[in-house]
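Quick notes on the structure that follows.
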Amino acid sequence: MKVILLENVKRIGSIGEVIDVKRGFARNFLIANKKALYASKENIKEVEKIKADLSKKDNERKQEATNIAEQINKKEYLVQKLSTENNELYGSVKPTEISKLIQEENKIEIKPSMIQPVEEIKSLGKFKVKISLHSEVDAEIVINVTSADTIQ
C-alpha cells in the first residue's frame, strides 16, 4: 500500500515521501497515529503545499526532544524491588514503571512506548535503557535496581 508521510519516521522515511508499506502497518500505525495519509493524487498535492509547515513542526518537536534528552541523558534512576536470594526479581521492571519514575523525578512526561530496555530487567544491578524521543534524537539512562527488604 502506498502512503505519503506527514512526519519523519525512523527507518521508514521523511516528510512528504511516498513509500510502499504493508497494509496493516499503514492502517494500524501510520494512518492511525496521523503519521501518514493514503497516497492519492489529491493527498500528494495537499502535502506538497503544507510540506514547509510540517517540516517546521518536526523541527520544533526535534528541538523539544533534544532539550529533554539533555535533561535525562546519562542519568541514573534507582528502583527498589523485592528479590530472591539469588538476586532475581519477583516480576520485572517495565517501561510504564520507568516512565513514572522519570515523571516523578524530572517532571517530564515520556510515553512507555518510547522506552526500549537493552535487555529485560529481571535481576538486581544496573541496566542501560534507550529512550527514543524523536526519529533523530535518542537518550540513554541507567536503571539501578536494588533490593527492597520489606513489602511496602
Side-chain angles (χ1 to χ4, degrees), residues 1 3-37 47 50-152:
M1 168 180 267
V3 294
I4 185 163
L5 293 174
L6 297 176
E7 62 181 68
N8 293 332
V9 182
K10 195 180 235 174
R11 294 190 289 266
I12 304 294
S14 56
I15 295 172
E17 218 176 300
V18 178
I19 57 167
D20 200 12
V21 293
K22 292 189 177 182
R23 192 180 266 8
F25 180 64
R27 272 201 308 256
N28 299 332
F29 179 71
L30 294 175
I31 295 170
N33 292 323
K34 295 182 177 43
K35 293 180 185 281
L37 289 172
V47 169
I50 60 171
K51 196 173 187 176
D53 189 41
L54 290 171
S55 292
K56 184 179 160 196
K57 283 182 185 175
D58 190 61
N59 284 336
E60 287 171 4
R61 274 195 229 106
K62 183 179 176 184
Q63 185 59 46
E64 191 178 310
T66 305
N67 292 341
I68 291 171
E70 287 171 2
Q71 290 177 41
I72 66 172
N73 204 25
K74 305 287 184 220
K75 270 194 127 181
E76 189 171 307
Y77 295 91
L78 183 68
V79 176
Q80 289 192 318
K81 287 280 211 177
L82 292 174
S83 62
T84 62
E85 294 82 40
N86 53 354
N87 294 337
E88 291 179 4
L89 298 180
Y90 291 110
S92 63
V93 180
K94 303 266 189 258
T96 49
E97 198 171 338
I98 296 169
S99 175
K100 286 179 186 170
L101 200 62
I102 295 169
Q103 173 73 36
E104 289 170 10
E105 284 195 31
N106 295 90
K107 307 291 185 256
I108 298 170
E109 193 170 322
I110 292 178
K111 295 177 187 154
S113 60
M114 297 171 150
I115 299 170
Q116 298 139 3
V118 176
E119 58 186 294
E120 271 194 282
I121 304 174
K122 290 186 168 187
S123 62
L124 298 179
K126 291 185 179 185
F127 299 88
K128 287 186 177 181
V129 176
K130 190 174 128 192
I131 300 174
S132 182
L133 298 165
H134 182 270
S135 63
E136 299 168 23
V137 180
D138 290 331
E140 194 174 90
I141 61 171
V142 176
I143 300 295
N144 186 1
V145 185
T146 60
S147 180
D149 297 324
T150 57
I151 300 173
Q152 295 175 347

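Keep in mind the model is a prediction, meaning the values are calculated, not measured.
Under the 3.5 Å distance criterion, the side-chain polar atoms of Lys107 are matched with a main-chain donor or acceptor of Glu104. Checked by atom type and distance alone, the side chain of Ser83 never pairs as donor or acceptor with a backbone atom of Asn87 at under 3.5 Å.
Residues Asn8 and Ser14 are in side-chain contact: their nearest non-hydrogen atoms beyond the backbone lie under 4.5 Å apart. Side-chain contact between Phe127 and Val118: absent, with no pair of heavy atoms (C-beta onward) separated by less than 4.5 Å. Residues Met1 and Lys22 are not in side-chain contact: their nearest non-hydrogen atoms beyond the backbone lie 4.5 Å or more apart. Side chains of Val129 and Ile121 form a contact here, defined as non-hydrogen atoms less than 4.5 Å apart.
Between Ser92 and Lys122, the closest heavy-atom pair is CB-CG, 3.8 Å. When every heavy atom of Ala69 is checked against every heavy atom of Asp138, the shortest pair comes out as CB-O, 4.4 Å. Summarising the geometry of Ser132 relative to Gln116, their closest heavy-atom pair is CB-NE2, 3.8 Å, with the distance given to 0.1 Å. Closest non-hydrogen pair, Leu124 versus Thr146, comes out as CD2-C, 3.6 Å. When every heavy atom of Val47 is checked against every heavy atom of Gly16, the shortest pair comes out as CG1-CA, 3.9 Å. Nearest heavy-atom pair, Pro112 versus Thr96, reported as atom, atom and distance to 0.1 Å: CG-CG2, 3.7 Å.
Around the CD atom of Glu60, the shell of radius 6.0 Å holds more than 12 heavy atoms that belong to other residues, nucleotides or ligands. Sparse packing is recorded around CD of Glu64, with 12 or fewer heavy atoms of other residues, nucleotides or ligands lying under 6.0 Å away. Within 6.0 Å of CD in Glu76 there are more than 12 heavy atoms belonging to other residues, nucleotides or ligands. Crowding of Lys10 atom NZ: a count of heavy atoms from other residues, nucleotides or ligands under 6.0 Å exceeding 12.
Rounding to the nearest 0.5 Å gives a distance of 5.0 Å between CG of Asp53 and NZ of Lys57. Expressed to the nearest 0.5 Å, how far CE of Met114 lies from CD of Glu109 amounts to 9.5 Å. The distance from atom NZ of Lys81 to atom OG of Ser147, rounded to the nearest 0.5 Å, is 12.0 Å. Of the inter-residue distances, the one linking Leu54 atom CG with Asn59 atom CG reads 11.0 Å to the nearest 0.5 angstrom. From Lys94, atom NZ reaches atom CD of Glu120 across 6.5 Å, with rounding to the nearest 0.5 Å. Between the CG atom in Asn67 and the CD1 atom in Ile72 there is a gap of 11.5 Å [rounded to 0.5 Å].
For the pair Asp58 and Arg61, the salt-bridge criterion is met [side-chain N within less than 4.0 Å of a carboxylate O].
Tested against Ile141 for a side chain to side chain contact (heavy atoms under 4.5 Å, CB included), the candidates Ile102, Ile115, Ile110 yield a single pass: Ile102. For the salt bridge (charged side-chain N to carboxylate O under 4.0 Å, His left out) test with Glu7, the passing option among Lys51, Lys62, Lys35 is Lys35; the others fail. In summary, of the residues considered (Asn73, Val137, Asn106, Ile108), a side chain to side chain contact (heavy atoms under 4.5 Å, CB included) with Ile68 occurs for Ile108 alone.
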Test side chain to side chain contact (heavy atoms under 4.5 Å, CB included) on Ile12 and Phe25 and set out the steps. CA-CA 11 Å; Ile12 304 294; Phe25 180 64; 4.0 Å; yes
